[in-house]
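First up is the structure itself, then whatever we jot down about it.
The structure displayed is predicted, hence computed values, not measured ones.
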Amino acid sequence: MNRTIIIGLDGIPYSLLKKYISNGIMPETGKVLSGGKLYEITSTLPEISSVSWATIITGKNPSEHGVYGFTALAPQSYVLRFPNFDSLKKPAFWLKDDYTPDESKKYAIINTPFTFPAKPINGIHIAGFVALDLEKAIYPTKLYAQLAEIGYKIDVDSSKAHQSIELFLKDLDGTLDKRISAAKMIWEREAWDVFMLVFTGTDRLSHFLFQAALDENHPFHEKVIDHFRKIDAYIGELCAQCDSSDTIAFMSDHGFEVQEYEAFVNFYLKEWGYLKLKNDPPRSYNDIDEGTIAFAMDPGRIYLNYKDRYPRGRVDESHADKIVKELSDRFMHCIIEDRPVISEIFEGKEISKGEFAVYAPDLVLIGARGIDLKGTIKAQTVYNKNEIFGGKHTYRDTFFGVKMPPGASYPSVRSVEDIKAALNL
């Protein structure tokens with residue numbers, strides 16, 4: 001049949017997937033990959049879901065598709081905006097270069113993050129988070145009534161975790177059940193050549209209970225692995241309906257690890273004199289004042305306050321390299337309770353070579369093990385110990401796995417940017 005089946009496991013690290021395959025928690029996934037290949041790869045810079053999934057579906061890096069996070073600043077301002085699917089400067093693989101549907105194949109795209117609002121497609125598209133309106137997240141719209149009838153949800157209600165982990169887990173399981181019901185309906189009733197389904201509850205679960213995913217003695221360990229077992233069982237159902245000519249791929253958009261501290265990048269910049277504020281505490285980025293040299297956005301994106309780019313900019317391009325070096329040196333020496341805050345720093349000009357590199361941060365900071373970087377401008381402390389969130393994204397320890405048809409050559413895959421080409425999408 002020569003079909004392509006893509007299963008996304010949002011946020012699942014390579015190391016955890018290997019562990020769950022080897023200890024029998026995810027036997028069906030292991031069965032497929034035993035006849036294929038599993039790669040340890042890297043995520044995007046920054047390691048944010050919106051950026052990573054945008055890269056996976058376009059095959060382009062952020063400087064080519066133009067998205068660097070869930071938030072950005074409007075041109076020539078400090079006004080916060082929220083990019084969405086319409087913001088992508090390159091088409092997803094189910095669209096042609098002019099963003100009209102690719103008619104050469106039939107597609108079923110289910111719950112892929114950062115694809116709201118849904119656009120016309122030769123097939124079916126149900127957008128994933130962040131989707132503000134279920135009806136606008138679906139194409140064709142006639143599918144809305146069927147999804148509404150089964151109680152389909154785009155995302156788990158994470159706020160429930162702040163009330164009770166038990167309430168959160170109940171909502172998580174209910175959301176997964178509806179996701180699987182919708183996927184089964186589309187798999188069975190629709191004609192398709194490419195079927196893409198992303199499970200995003202895995203990311204939500206890891207943010208709150210990543211330690212439970214690792215520790216067999218954790219009180220919620222069994223609940224966590226039950227979620228993975230349910231996904232794996234459905235993967236087994238899907239793959240039992242595939243034949244040897246089908247390509248079956250699995251992927252995460254970033255890795256995960258246990259979070260111990262939150263570190264606030266803008267507070268460092270303020271303490272060092274690089275960030276000046278009209279009001280302290282500030283209300284928004286509009287409180288960036290004259291004299292500001294640099295500011296940060298989530299998670300560790302640092303932007304120089306260029307005088308030709310921002311209303312109160314003061315930095316000349318000719319001074320950028322010197323400032324970037326200063327900031328890199330300072331951040332690499334930051335310590336929280338005798339441990340480093342930063343593990344790696346990437347310069348924007350080194351990682352951003354595309355036509356939209358002008359939107360790139362000047363520095364991307366990667367938090368050290370256990371350190372979750374935050375870009376909020378409202379921070380009033382250098383760091384804290386968050387008792388709610390137990391996991392954080394990682395740039396490394398991401399995975400891609402694939403089983404190709406007999407005789408096919410296995411591709412070289414080093415990062416999420418390589419996935420589209422590897423699958424000939």
Side-chain angles (χ1 to χ4, degrees), residues 46 48 50 68-83 159 162 207 259-317 319-320 322-343 345 347-348 359-368 370-389 392-393:
I48 302 174
S50 58
Y68 284 92
F70 282 113
T71 58
L73 297 182
Q76 300 295 317
S77 80
Y78 300 110
V79 176
L80 203 63
R81 64 182 182 87
F82 302 90
S159 68
H162 298 268
H207 273 296
Q259 173 187 316
E260 297 175 63
Y261 298 94
E262 293 176 327
F264 298 98
V265 180
N266 273 316
F267 194 87
Y268 281 110
L269 294 174
K270 183 177 70 172
E271 289 287 286
W272 298 336
Y274 290 87
L275 174 60
K276 307 290 185 181
L277 298 168
K278 294 178 183 178
N279 298 291
D280 202 359
R283 293 183 293 270
S284 70
Y285 282 90
N286 270 320
D287 278 318
I288 290 175
D289 204 358
E290 303 286 349
T292 291
I293 295 171
F295 59 90
M297 300 187 75
D298 273 333
R301 293 178 281 159
I302 296 180
Y303 294 84
L304 300 191
N305 192 33
Y306 292 109
K307 60 185 179 183
D308 60 344
R309 201 174 300 173
Y310 300 105
R312 292 175 289 282
R314 63 166 290 183
V315 176
D316 190 278
E317 292 272 1
H319 300 147
K322 179 176 179 291
I323 297 168
V324 163
K325 186 178 185 311
E326 286 176 6
L327 288 172
S328 294
D329 289 345
R330 280 183 176 268
F331 276 108
M332 285 308 293
H333 287 91
C334 287
I335 300 292
I336 288 177
E337 298 187 6
D338 298 322
R339 56 193 296 177
V341 173
I342 305 297
S343 63
I345 297 179
E347 292 188 23
Y359 301 117
D362 293 275
L363 286 171
V364 176
L365 311 181
I366 303 295
I371 308 293
D372 194 17
L373 303 181
K374 298 293 184 183
T376 175
I377 200 152
K378 299 179 181 181
Q380 292 297 292
T381 184
V382 171
Y383 73 95
N384 69 23
K385 197 158 189 171
N386 191 309
E387 301 297 334
I388 298 293
F389 293 107
K392 61 174 282 276
H393 295 187

Using modelled atom types and a 3.5 Å cut-off, is there a donor and acceptor pairing between side-chain atoms of [X] and backbone atoms of [Y]?
X      : Y      : result
Asp298 : Gly375 : yes
Asp362 : Leu304 : yes
Glu347 : Val364 : no
Asp372 : Glu262 : no
Arg301 : Pro46  : no
Arg312 : Asn286 : yes
Thr71  : Phe82  : no

Can you tell which of Asn305, Thr292, Asp287 makes a side-chain hydrogen bond (donor to acceptor under 3.5 Å, both in side chains) with Tyr78?
-> Asn305
Given the rule in the side-chain contact (heavy atoms from CB on, under 4.5 Å) test, do Lys270 and Asp280 qualify, once you have shown the distances and angles that lead to the verdict?
-> CA-CA 10 Å; Lys270 183 177 70 172; Asp280 202 359; 3.1 Å; yes
Nearest 0.5 Å, what's the OG-CD1 distance between Ser328 and Ile323?
-> 11.5 Å
Do [X] and [Y] touch side chain to side chain, with heavy atoms closer than 4.5 Å?
X      : Y      : result
Lys278 : Glu290 : no
Leu80  : Leu73  : yes
Leu327 : Ile345 : no
Thr376 : Asn266 : no

Restricting to non-hydrogen atoms, name the atom on [X] and the atom on [Y] that form the minimum distance, rounded to 0.1 Å.
X      : Y      : answer
Pro83  : Gly69  : CG-O, 3.9 Å
Tyr68  : Pro361 : CD2-CD, 3.5 Å
Leu373 : Gly367 : CD1-N, 3.6 Å
Ala379 : Phe267 : O-CD1, 3.6 Å
Ile48  : Pro299 : CD1-CD, 3.1 Å

Tyr285 ring center near Tyr310 ring center (under 6.0 Å) | no
Lys/Arg-Asp/Glu bridge criterion (N-O < 4.0 Å) met for Arg309, Glu317 = yes
Note: Lys322-Glu326 ion pair, threshold 4.0 Å (strictly below) | yes
Counting only heavy atoms from other residues, nucleotides and ligands, does the tally under 6.0 Å from [atom1] of [X] exceed 12?
X      : atom1 : value
Lys325 : NZ    : no
Lys276 : NZ    : no
Arg81  : CZ    : yes
Tyr359 : OH    : no

Going by the angle between their ring planes, with limits at 30° and 60°, are Tyr383 and Tyr261 parallel, tilted or perpendicular?
-> perpendicular
Which of parallel (below 30°), tilted (30 to 60°) and perpendicular (above 60°) describes Trp272 and Tyr274?
-> perpendicular
Qualifying residue for side-chain contact (heavy atoms from CB on, under 4.5 Å) with Val265, from Ile377, Val382, Leu365 = Leu365
Derivation and outcome, side-chain contact (heavy atoms from CB on, under 4.5 Å), residues Val341 and Tyr268 = CA-CA 11 Å; Val341 173; Tyr268 281 110; 3.6 Å; yes
Given the options Lys392, Lys385, Arg339, Glu260 meets salt bridge (charged side-chain N to carboxylate O under 4.0 Å, His left out) only with Arg339
